[in-house]
**Student:** 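So that we are looking at the same thing, I have put the structure below in structure tokens.
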Amino acid sequence: MGERRLDDADVVTAIGVISGTSMDGIDVAVVRTDGDLVVEPGAGLTIPYPDDVRGALVGLVAEAERALTEPLADLEQAVTDAHIAAIETFMAHAGIDRRAVSLIGLHGQTVYHRPDLRFTRQLGFGAEVARRLGIDTVNRFRHADVEAGGEGAPFAPLYHRALASGLAQPLMVLNLGGVANVTYLDGDTAIAFDSGPASALLDDFVMRRRGVAYDRDGALAASGRVDEALVAAFMENPFFARRPPKSLDRNDFHRRAAGVEALSDADGAATLAAFTVESVAASLRHVPAPPARWLVTGGGRHNAHLMGRLRARLGVAVEPVEAVGWHGDFLEAEAFAYLAVRARRGLPLSLPTTTGVPHPMPGGELHRAG
């Protein structure tokens with residue numbers, strides 16, 4: 001397939017919007033793309049949730065099984081309102097005329113992800129976003145994949161593949177969000193899976209112990225001592241030996257990592273950080289060849305302690321994605337703008353090697369503005 005020009009009629013302006021499992025804000029970004037070879041990322045912005053909405057989401061995630069059966073209509077409306085406000089704020093901030101935007105990719109807020117039950121739930125009313133903003137909107141990106149027996153995550157690998165087409169490979173992209181996931185790229189090969197815990201365990205621990213949202217720069221973890229026996233016990237979890245594709249809910253390791261509660265604040269943070277690093281290293285069991293370079297996205301790339309431990313453990317270059325000009329704070333929002341265009345074109349959003357779906361799987365639901 002030849003490279004397309006940016007004036008190709010298939011190239012459109014799309015906005016992607018997502019709030020990750022850490023629930024620290026709503027990320028909005030714009031991309032000009034054909035959903036295939038052409039990708040031109042633009043501006044991005046993070047808008048915090050209103051305190052009451054974030055509080056309600058944190059409360060729900062603590063009892064996540066409620067999302068299986070409860071309508072959650074009021075909370076979903078509040079999440080939808082917050083996403084619409086975030087998109088409007090972003091367009092004003094970036095000077096984007098909504099008439100120039102062809103499509104919105106609304107990922108929404110994941111509140112429960114159980115592919116073993118063929119169930120995933122992201123809050124956000126796509127039809128309402130389309131109606132109120134006057135822009136066609138795609139949502140429910142993961143549902144077709146999960147219903148077909150796929151893991152429904154991770155969902156950014158095809159975007160990673162498009163971005164990395166000019167980089168030396170094999171290459172690993174590591175996303176340190178609420179959970180960690182990896183994308184192994186080598187030419188047309190894209191292998192992806194959730195690798196283990198990341199910010200969710202650490203953030204929830206320091207919130208319980210210190211009443212702060214996260215361990216800034218990993219300073220608390222850096223001051224502590226790792227309980228190596230606990231890390232070894234955590235790594236005996238069968239998840240790490242399981243062949244991909246595989247995915248996690250943000251809370252999957254909380255009960256299993258409860259041993260850190262007997263440790264001091266610093267030692268507990270250090271041990272959870274070491275656990276994350278070991279689980280990332282374990283992902284190398286499941287790829288064809290060791291990558292010579294890791295590119296790190298997600299909030300965890302700002303954690304100097306975590307990045308330093310990763311470099312020491314992996315023994316190769318481990319760099320934030322900004323090293324190759326990518327926008328690390330907005331990569332997932334960009335991905336759902338890109339995937340929205342793919343969805344409208346009927347192209348696959350996931351592959352057998354990225355989610356375990358039986359065949360390349362289209363997905364998403366399109367809601368027309370008019």
**Student:** With side chains defined as the heavy atoms from C-beta onward, is the minimum distance between L331 and H160 less than 4.5 Å?
**Tutor:**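 They are in side-chain contact.
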**Student:** For atom CZ of R243, decide whether the heavy atoms of other residues, nucleotides or ligands shown that lie under 6.0 angstrom number more than 12.
**Tutor:**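 Not buried by this count: 12 neighbours or fewer within 6.0 Å.
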**Student:** Would Q122 and H143 satisfy side-chain contact (heavy atoms from CB on, under 4.5 Å), going step by step from the backbone distance to the final call?
**Tutor:** CA-CA 9 Å; Q122 288 78 44; H143 289 69; 3.3 Å; yes
**Student:** Starting at CZ of F336, measure out to CG of L103 and round the result to the nearest 0.5 Å.
**Tutor:**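 Reported to 0.5 Å precision, the distance equals 13.5 Å.
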**Student:** Kindly work out whether a path of hydrophobic side-chain contacts (I/L/V/M/F/W/Y, heavy atoms less than 4.5 Å apart) joins V173 to M307.
**Tutor:**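 No; tracing contacts between hydrophobic side chains, which count when under 4.5 Å, never links both residues.
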**Student:** Out of curiosity, does L306 fall in the hydrophobic cluster containing L295 (side-chain heavy atoms, cut-off under 4.5 Å, transitive links)?
**Tutor:**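 Different hydrophobic clusters.
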**Student:** Just wondering, do I47 and V28 contact through their side chains at under 4.5 Å, heavy atoms?
**Tutor:**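 SC-SC contact between V28 and I47 confirmed.
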**Student:** Between L339 and Y159, does the side-chain contact (heavy atoms from CB on, under 4.5 Å) criterion hold? Intermediate values first, please.
**Tutor:** CA-CA 8 Å; L339 292 172; Y159 184 60; 5.8 Å; no
**Student:** Just wondering, do V79 and Y49 contact through their side chains at under 4.5 Å, heavy atoms?
**Tutor:**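 In short, these two side chains touch, coming nearer than 4.5 Å.
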**Student:** Are the side chains of V58 and M23 in contact, using a 4.5 Å heavy-atom criterion?
**Tutor:**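 The answer is yes; the side chains approach within 4.5 Å.
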**Student:** Quick one: closest heavy-atom pair of L60 and A67, and the distance?
**Tutor:**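 For L60 versus A67, the nearest heavy atoms are CD1-N, 4.5 Å.
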**Student:** For residues Y338 and A162, report the shortest heavy-atom separation together with the two atoms involved.
**Tutor:**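 Closest pair (atom of Y338, atom of A162, distance): OH-CB, 3.7 Å.
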**Student:** Taking only Lys NZ, Arg NE, NH1 and NH2, and the carboxylate oxygens of Asp or Glu, determine whether R114 and E65 approach each other closer than 4.0 Å.
**Tutor:**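 Result for this pair is no, no salt bridge flagged.
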**Student:** Do R98 side-chain atoms and L133 backbone N/O form a donor-acceptor pair below 3.5 Å?
**Tutor:**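 Flag set: sc R98 to bb L133 pair under 3.5 Å.
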**Student:** Could you measure the distance from the CZ atom of R209 to the CG atom of D265? Nearest 0.5 Å is fine.
**Tutor:**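 Output value for this atom pair is 5.0 Å.
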**Student:** Do you know which two heavy atoms are closest between A192 and P154, and how far apart they sit?
**Tutor:**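 Looking at all heavy atoms of both residues, the shortest contact is CB-CG, 3.7 Å.
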**Student:** Treat each ILVMFWY residue as a node, draw an edge where side-chain heavy atoms are under 4.5 Å apart, and state whether V53 and V17 are in one component.
**Tutor:**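 Cluster IDs for V53 and V17 match.
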**Student:** Any side-chain donor-acceptor pair under 3.5 Å between N175 and T297?
**Tutor:**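 Distance-only check fails for N175 and T297.
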**Student:** Between E128 (side chain only) and I84 (backbone N and O only), is there a donor and an acceptor less than 3.5 Å apart?
**Tutor:**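 Not confirmed, E128 side chain does not pair with I84 backbone.
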**Student:** Is atom CG of D74 surrounded by more than 12 heavy atoms (other residues, nucleotides or ligands) closer than 6.0 Å?
**Tutor:**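 No - once you tally the heavy atoms of other residues, nucleotides and ligands closer than 6.0 Å, there are 12 at most.
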**Student:** State the NE2-CG distance between H113 and L117, to the nearest 0.5 angstrom.
**Tutor:**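 Going from the NE2 atom of H113 to the CG atom of L117 covers 10.5 Å.
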**Student:** Taking the side chain as C-beta and beyond, is there a heavy-atom pair between V324 and R293 under 4.5 Å?
**Tutor:**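 Contact flag for V324/R293 side chains = yes.
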**Student:** Would you say the side-chain atoms of S195 pair up with the backbone N or O of V182, donor to acceptor, closer than 3.5 Å?
**Tutor:**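 Such a contact is absent between S195 side chain and V182 backbone.
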**Student:** Is there a side-chain contact between R32 and V12, using heavy atoms and a 4.5 Å cut-off?
**Tutor:**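 Answer no - side chains too far apart.
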**Student:** Within the distance-only criterion (no hydrogens, no angle test), does the side chain of T271 pair as donor or acceptor with the backbone N or O of V226 below 3.5 angstrom?
**Tutor:**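 Here the side-chain-to-backbone pair does not exist.
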**Student:** Counting distance only, does the side-chain N/O of D145 pair as donor-acceptor with the main-chain N or O of G152 below 3.5 Å?
**Tutor:**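 Here the side-chain-to-backbone pair exists.
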**Student:** Are the side chains of L284 and P291 in contact, using a 4.5 Å heavy-atom criterion?
**Tutor:**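 A side-chain contact under 4.5 Å exists here.
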**Student:** Examine distances only and state if a side-chain atom of E76 and a backbone atom of L123 form a donor-acceptor pair shorter than 3.5 Å.
**Tutor:**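 Such a contact is absent between E76 side chain and L123 backbone.
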**Student:** May I ask you to check whether over 12 heavy atoms, not counting those of D116, lie within 6.0 Å of atom CG?
**Tutor:**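 Yes, the 6.0 Å shell around CG holds more than 12 heavy atoms from other groups.
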**Student:** Treat each ILVMFWY residue as a node, draw an edge where side-chain heavy atoms are under 4.5 Å apart, and state whether L263 and M235 are in one component.
**Tutor:**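 They do share one cluster, since a chain of ILVMFWY contacts under 4.5 Å joins L263 to M235.
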**Student:** Is V321 reachable from F330 through a run of I, L, V, M, F, W or Y residues, each pair having side-chain heavy atoms under 4.5 Å apart?
**Tutor:**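 Different hydrophobic clusters.
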**Student:** With ring centroids as reference points, do F155 and F141 lie under 6.0 angstrom apart?
**Tutor:**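 Ring-ring flag for F155/F141: false, centres at least 6.0 Å apart.
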**Student:** Quick one: does any side-chain atom of R121 pair with a main-chain N or O of V111 as donor and acceptor, under 3.5 Å?
**Tutor:**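 Not at all, since once roles are kept as given, no pair shorter than 3.5 Å links the two residues.
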**Student:** Go through the steps for D227 and D267 under the test side-chain contact (heavy atoms from CB on, under 4.5 Å), then give the verdict.
**Tutor:** CA-CA 7 Å; D227 187 321; D267 291 355; over 6 Å; no
**Student:** Which heavy atom of A273 sits nearest to which heavy atom of A221, and what is that distance?
**Tutor:**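 Shortest heavy-atom separation between A273 and A221 comes out as CB-CB, 4.3 Å.
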**Student:** Taking T183's backbone N and O only, do any of them form a donor-acceptor pair with R161's side chain (distance below 3.5 Å, no angle check)?
**Tutor:**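 No; judged by distance alone, with no hydrogens or angles, the pair does not exist.
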**Student:** Under 3.5 Å, side chain of D217 to main-chain N/O of A219, donor-acceptor pair present?
**Tutor:**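 Such a contact is absent between D217 side chain and A219 backbone.
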**Student:** List the atom of L185, the atom of A190, and the distance in Å for their closest heavy-atom pair.
**Tutor:**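 Taking every non-hydrogen atom into account, CD2-CB, 4.0 Å.
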**Student:** Closest heavy-atom contact between L272 and L201?
**Tutor:**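 The answer is CD1-O, 3.8 Å.
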**Student:** Quick one: do R132 and D81 satisfy salt bridge (charged side-chain N to carboxylate O under 4.0 Å, His left out)? Show the steps, please.
**Tutor:** CA-CA 10 Å; R132 285 170 55 183; D81 291 343; 2.8 Å; yes
**Student:** Less than 6.0 angstrom separating the ring centers of F253 and F240, yes or no?
**Tutor:**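 Close enough - the centres of the two rings lie under 6.0 Å apart.
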**Student:** Do other residues, nucleotides or ligands put more than 12 heavy atoms under 6.0 Å from the CZ atom of R242?
**Tutor:**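 Above 12, so yes.
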**Student:** Keeping the roles fixed (side chain from R118, backbone from A148), state whether a donor-acceptor pair exists under 3.5 Å.
**Tutor:**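 The answer is no, because no donor-acceptor pair under 3.5 Å joins these two groups.
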**Student:** How far does CG of D329 sit from CD of E334, to the nearest 0.5 angstrom?
**Tutor:**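 Rounded to the nearest 0.5 Å, the CG-CD separation comes out at 10.0 Å.
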**Student:** Does a sphere of radius 6.0 Å around CG in D51 hold more than 12 heavy atoms from other residues, nucleotides or ligands, not counting ones at 6.0 Å or beyond?
**Tutor:**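 Open.
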**Student:** Are R142 and E151 close enough for a salt bridge, meaning some N to O gap below 4.0 Å?
**Tutor:**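 So R142 does not pair with E151 through a salt bridge.
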**Student:** For Y214 and S199, what are the C-alpha separation, side-chain angles and deciding distance, and is it a side-chain contact (heavy atoms from CB on, under 4.5 Å)?
**Tutor:** CA-CA 8 Å; Y214 62 98; S199 300; over 6 Å; no
**Student:** Are more than 12 heavy atoms, taken from residues, nucleotides or ligands other than R225, located less than 6.0 Å from that residue's CZ atom?
**Tutor:**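 No, not enclosed.
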**Student:** Would you give the length of the straight line joining atom OG1 of T33 to atom CD of E40, rounded to the nearest 0.5 angstrom?
**Tutor:**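 The distance works out to 9.5 Å.
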**Student:** In the structure I gave you, are the side-chain heavy atoms of M361 and T355 within less than 4.5 Å of one another anywhere?
**Tutor:**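 No; the side chains remain at least 4.5 Å from each other.
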**Student:** Calculate, to the nearest 0.5 Å, the distance between atoms CD1 and NE2 belonging to I26 and H83 respectively.
**Tutor:**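 These two atoms lie 4.5 Å from each other.
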